[in-house]
Amino acid sequence: MNRSMKRILITSAIPSVNGVKHLGNLVGSMLPADVYARFCRARGYETLAICATDEHGAPIELAAAEEGIPVSEYCDKWHAVQADLGARFGLSWDHFGRSSSDQNREMTWHFARQLWKNGHLDVRTTKQAYSATDGRFLPDRYVIGTCPHCGNINARGDQCEVCTRVLDPIDLIEPRSAVSGAKDIEIRDSRHLFLKQTNFVDQLRAWIASHKNDWPVIVTSIANKWLDEGLQDRGITRDLEWGFPVPDDIADGQLAGKVFYVWFDAPIEYIGATKEWADKNNLGDDAWRDWWHGDRAKDVTYVEFMGKDNVPFHTIIFPAMILGTGEPWKKVDRLKGFNYINYDGAKFSTSSKRGIFMDGALDILPADYWRYYLMANSPESSDSMFTWEHFQGVINKDLADVLGNFVNRVTKFCVARFDGAVPSEGEYGDDEKALAARLDTLVAQYTEHLEACEFRKALAELRAIWVAANEYITVAAPWTHFKADRAKAAVGIRMGLNLIHLFGHLCWPVMPTAARAIHHAIQNAPEIIPWPSKPMAEFLGQLEPGQKIAPPDVLFAKIADEQVAEWRARFSGTGL
RNA sequence: GGCAGCGUAGCUCAGUGGUAGAGCAGGGGAAUCAUAAUCCCUUGGUCGGGGGUUCAAAUCCCUCCGCUGCUACCA
């Protein structure tokens, strides 16, 4: 393994296995992680991109019950669906794991044992709602009753959505089970393990302060808010059937029958999934350590992608767990947190099917349309807004007109006038030199922004590169010069073809399929299309005269007003 | 209620102390290779309201209004 290479470990917040994810889930974690991973591979960095489904927790247990199938079967089914949709969206994970894996169970037990051994876990007795009819403990939010503050008869046990007050199920008047409606709710004592997060406040504060300038504001402000409000020790076990059982050697078996809290084992799955990846590829029992542990992972830069809802778990709880092990685990270096994308003025909603989900998105348009739009408008500094008009405008203008039409006009003209081969006549002159100089700047800026995971800015540069090409071809005007000065026209088309070749390289991290189609117009593309490292003057002069080209079909079809009307109706959700 | 973020052109957003910006949309022109696609020029904003600090404020402080999120058992 070449250890002089830059090494980048990338994780996306792992999506709940529970159903198909919407574009809001995609845009904050999986998609930017993939664009960055592809960029890193294109640059030749040693890259490992990890994601997984999060398969534990009460909602999953209950969803399986609702479908009437065993939880493991439910997870198998939806993991496969999500893996398929991810692949169809071009998400190029090195491994898409499962938090319920054997590897993750071992890793979770290891973390728990270390924390227990080091005195960072407590056994405490808590009051939990129990439904005899359901035969189970109920999470707070699955107990429904009348709010003692405002009288709302459908208040949830964790919080009343009408008066927004935080509740305890004990407070509810006439509590009932959200699962069965049963009214025989009783409060029982239940022992649980607690992570003594308070042991790590100072270390966490210092660590977060050290990232004040390289993490987004949204990330440090959320993390500091938690610290400022005072950390509470956190329960890390639950009264559920489905999950990793607490081993008997922790607390002398006092936790028999309990499982670990989903948020305890979910972040560990980043490591567990790396082990799954190593096992799958027969890399040996210790290969995962090269990314995660001690000196073996010393040269790794670890980058995490997530929506803002996930930030507390990745800045406070998981780091506290890592600190508590007393072991040299890799901690996140760059934490890219995202805000939310709203749909036509309100939130995407999984429960009311409002908004666009990954399967529906692919039903109507290829993945690259979505990838480009979402990254060009990613909610980096604040929540962003999806509207169909805006989406239509961006796709039609940027992709169909500025990029697609450039490829089309140059290749078609080349076929009509130069026999479909790279013309050989003429020499590059001042216009071509000026273009190369301008592109040196734009490509460098595009590269810097991708390196910094500044996706909106990066894609604005990419677009500026396409615009520069259109400006050039307008001035070069080969269609005007063709009759009087064939060599001059040849120079313009040769440059145009080289520009298309450049686009194939530059688009690949964002739009892998379209990038390959663009590159294939000129010549075959390697599996990973490498990042241009040469100066533009050289890169744009590399196509061999006489080489045949192959004009592609329409790369990006325009979106018609009628389609927009149809899609708006289709995706408006069940609430309308 | 508490905390956090946001409020800049018709729309989506940059800009965090030094003469208000981009893309789209709108207006005018050029070109006719191309998916009627491109290129050039251009209209447009008392930077949510008010107060303060400063030689200078979209930017810092205070206050008010509005929107959004979080509030620890939804991930």
Is there a side-chain polar atom (N or O) of [X] under 4.0 Å from OP1 or OP2 of [N]?
{"X": "Lys397(A)", "N": "U38(B)", "answer": "yes"}
{"X": "Arg234(A)", "N": "C73(B)", "answer": "yes"}
{"X": "Lys558(A)", "N": "A37(B)", "answer": "yes"}
{"X": "Lys308(A)", "N": "A4(B)", "answer": "no"}
{"X": "Arg409(A)", "N": "U32(B)", "answer": "no"}

Answer yes or no as to whether C33(B) has its base stacked against Trp479(A), where stacking requires a ring-centre separation under 5.5 angstrom and planes under 30 degrees apart.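 Taking the rule of under 5.5 Å and under 30°, the ring of Trp479(A) does stack on C33(B).
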Give one of base, sugar-phosphate or nothing for Pro59(A), where a contact means two heavy atoms less than 4.0 Å apart.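 Sugar-phosphate, backbone atoms only, no base.
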Distance check, [atom1] atoms only: [N] and [M], in whole angstrom units.
{"N": "A56(B)", "M": "U16(B)", "atom1": "C1'", "answer": "15 Å"}
{"N": "U32(B)", "M": "A37(B)", "atom1": "C1'", "answer": "11 Å"}
{"N": "C11(B)", "M": "G45(B)", "atom1": "C1'", "answer": "14 Å"}
{"N": "G51(B)", "M": "G69(B)", "atom1": "C1'", "answer": "29 Å"}
{"N": "U43(B)", "M": "G26(B)", "atom1": "C1'", "answer": "8 Å"}
{"N": "G23(B)", "M": "U35(B)", "atom1": "P", "answer": "26 Å"}

Side-chain donor-acceptor contact under 3.5 Å, Ser177(A) with Asp134(A):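 Distance-only check passes for Ser177(A) and Asp134(A).
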